[in-house]
Amino acid sequence: MAKLTILSLALCGLLAIVFSGPTKVNNVYEAPPCDVDACQLPSCRCSSQTPPGNLIGPNVPQMVFLTFDDAITVSNHPFYEEVLFNRINQNGAKIAATFFITHEYSNYSLVHDLWARGHDIALHSITHVSDTGYWANLNESMWRAEIVAQKQQLSTFASVPLAYIKGVRAPFLQVGGNPMYSALVGGGFEWDCSRPTQNQRIPGLWPYTNDYASTQDCQIPTCPDEAFPGFWTFPMIDLIGDDQFPCAMVDECTPVPMTQAATYNLLMRNFENQYNGNRAPFGVFTHAAWLVGPADRPEFAQRKAGYIQFLDEILAMPNVYIVGISQAMEWMKTPTGTADIDTFVPWLDDPNRVRACPFPRNCRYENSTWERFMSSCIPCPPEYPWVHNPQGTNLHYDD
Ligand SMILES: *[C@@H]1O[C@H](CO)[C@@H](O)[C@H](O)[C@H]1NC(C)=O
Ligand SMILES: *[C@@H]1O[C@H](CO)[C@@H](O)[C@H](O)[C@H]1NC(C)=O
Ligand SMILES: *[C@@H]1O[C@H](CO)[C@@H](O)[C@H](O)[C@H]1NC(C)=O
Ligand SMILES: [Zn+2]
């Protein structure tokens with residue numbers, strides 16, 4: 001360890017001499033304003049309300065993101081099966097949702113199933129501690145323990161190849177500024193979708209890389225202000241509820257719709273702002289708990305019916321594609337107009353997603369006051385996996 005540290009210090013010193021980095025202001029390296037000539041796709045894009053690739057109006061495919069946060073369980077998986085598994089885009093490929101998965105309570109054989117069916121598997125922390133102050137103040141090594149270690153953890157127990165896990169959403173959208181983005185870049189992540197925008201709704205703010213300072217409003221401080229070259233932010237463009245208040249997650253929109261018609265109208269009205277505008281990606285960011293509930297509460301079935309009606313109508317509209325955020329990132333790097341979109345390979349079904357969880361185990365952990373179940377694609381680890389012990393082997397992990 002000591003040897004490694006000395007070597008790292010020596011290397012850092014060397015790098016500091018070789019590269020003259022960005023200007024250091026108030027002891028941090030603030031990203032400079034975007035240089036549109038230097039910042040070019042596929043690796044760099046300034047924050048902007050203009051679609052990429054000189055595409056305009058009807059030549060821009062309208063991307064739609066369906067995202068679901070938190071644990072994948074036997075209670076919510078049937079909903080995903082009903083709503084997502086049998087719907088296809090106009091290119092003939094299956095629609096894909098994006099799942100921001102937390103470790104606790106997740107059933108990893110079901111996570112494997114979602115991955116094998118083409119859905120985007122992204123991360124949302126191991127603990128999902130329900131104190132936003134915890135996330136706001138987390139240092140870089142703890143972001144590594146919560147998210148970077150989770151990548152290996154999910155890959156191990158759900159048999160999902162590491163290369164497929166590219167994106168993150170911070171719990172409660174509580175971004176952790178530079179330490180969070182630094183940990184994500186160091187951990188090989190490629191995008192984040194945690195930052196709502198109220199100020200660039202119509203026209204919508206397109207996804208951008210963090211090579212330079214962005215024009216995005218910071219709704220939930222602390223937002224990153226250093227440069228993270230090539231790392232994408234997918235802004236969460238706020239929706240507007242029936243009471244005219246903005247909402248980043250649709251399950252926060254008020255008044256909460258109680259009927260199929262109210263749910264459908266909320267979604268369609270907000271979708272049309274983008275579809276009839278600059279076609280910035282439209283996100284329906286929610287939790288399954290908005291759409292799945294007890295049978296004696298009819299509003300859940302009503303909302304689900306409105307959600308399904310919305311999906312079926314947009315899938316029949318010209319140039320609309322429901323894709324995972326990682327698929328959208330590939331499109332951002334290589335913007336492709338509607339004329340060529342049906343052969344755009346990242347949006348076609350992926351033949352490399354081969355099922356490899358044939359004998360899932362149900363693992364059980366308990367002590368006198370506590371009990372957890374975990375379904376795993378590999379033999380049960382001796383201890384319940386947790387932060388600082390992400391593989392459940394209790395070997396030391398250097399976060
Ligand atoms: C990061 O936070 C953890 C938990 O509060 C603490 O134990 C650790 O020493 C901190 N690391 C650094 C480098 O400050
Ligand atoms: C039981 O396990 C939980 C989780 O590891 C721990 O927080 C708790 O302190 C344990 N309780 C006892 C009585 O050992
Ligand atoms: C996980 O899901 C599988 C497939 O539905 C099921 O057989 C298994 O019992 C579940 N495990 C737990 C711990 O809920
Ligand atoms: Zn969450």
Side-chain angles (χ1 to χ4, degrees), residues 1 5 8-9 67-82 85 98-117 122-150 154 157-159 167-180 182-183 186 192-194 196 220 236 248-252 285-290 355 357-366 371-381 384-388 392 396-399:
M1 189 50 156
T5 308
S8 317
L9 283 174
T67 79
F68 298 94
D69 293 7
D70 304 342
I72 307 298
T73 68
V74 289
S75 317
N76 54 39
H77 186 270
F79 163 78
Y80 302 133
E81 176 171 358
E82 175 186 352
F85 292 178
T98 302
F99 292 90
F100 293 100
I101 297 176
T102 47
H103 160 69
E104 193 173 22
Y105 307 113
S106 270
N107 179 320
Y108 285 112
S109 62
L110 296 176
V111 173
H112 183 84
D113 180 70
L114 294 174
W115 170 77
R117 291 176 187 276
L123 303 184
H124 193 49
S125 84
I126 293 178
T127 68
H128 203 280
V129 167
S130 62
D131 161 15
T132 54
Y134 171 88
W135 301 100
N137 296 311
L138 218 55
N139 62 27
E140 186 177 337
S141 70
M142 281 303 296
W143 279 108
R144 281 198 294 270
E146 285 276 12
I147 305 271
V148 179
Q150 193 196 1
L154 186 145
F157 296 117
S159 286
V168 171
R169 172 169 291 162
F172 312 103
L173 312 183
Q174 179 56 69
V175 284
N178 297 324
M180 174 183 165
S182 215
D192 173 62
C193 183
S194 309
I220 306 175
M236 304 173 73
M249 305 283 296
V250 70
D251 44 8
E252 287 172 344
F285 304 126
T286 190
H287 301 76
W290 192 57
R355 275 178 194 280
C357 184
F359 306 111
R361 286 83 168 168
N362 277 337
C363 317
R364 180 168 168 273
Y365 303 89
E366 64 158 5
E371 184 181 43
R372 289 289 178 277
F373 291 95
M374 185 185 93
S375 170
S376 165
C377 296
I378 63 159
C380 297
Y384 185 63
W386 200 238
V387 69
H388 303 305
H396 173 70
Y397 280 86
D398 188 2
D399 341 286

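Atoms within a ligand are numbered from 1 in the order they appear, just like the ligands themselves.
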> With sequence neighbours excluded, what pairs up with Asp70 under the salt bridge (Lys or Arg N to Asp or Glu O under 4.0 Å) test?
Replying inline: none
> What heavy-atom pair brings Phe100 and Leu123 nearest, and what distance separates the two atoms?
Replying inline: CD2-O, 3.8 Å
> Can you name the residues that form a side-chain contact (heavy atoms from CB on, under 4.5 Å) with Ala136, not counting sequence neighbours?
Replying inline: Gln174
> Numbering the atoms of ligand 1 from 1, which are under 4.0 Å from a heavy atom of Ser141?
Replying inline: 1 (C), 11 (N)
> Just by modelled atom types, is the Ile101 backbone N or O under 3.5 Å from a matching donor or acceptor in the Gln150 side chain?
Replying inline: yes
>> If you compare all heavy atoms of Tyr108 against all heavy atoms of Cys377, which two are closest, and at what distance to 0.1 Å?
In response: O-SG, 4.0 Å
>> Could you tell me if the side chain of Met180 sits less than 4.5 Å from the side chain of Glu146, heavy atoms only?
In response: no
> Closest approach of Tyr365 and Pro381, non-hydrogen atoms and distance?
Replying inline: OH-O, 2.8 Å
> Side chains of Pro179 and Leu138: closer than 4.5 Å at any heavy-atom pair?
Replying inline: no
> Do you know how many protein N, O or S atoms are within a distance smaller than 2.8 Å of the Zn ion (ligand 4)?
Replying inline: 3
>> Is the terminal nitrogen or CZ of Arg169 (NZ for Lys, CZ for Arg) located under 6.0 angstrom from the six-membered ring centre of Phe285 and within 45° of that ring's axis?
In response: yes
>> Which protein residues come within less than 4.0 angstrom of ligand 3, counting heavy atoms only?
In response: Val74, Asn107, Ser109, Leu110, Asn362, Phe373, Ser375
> Where do His112 and Ala158 come nearest, in terms of heavy atoms and distance?
Replying inline: ND1-O, 2.7 Å
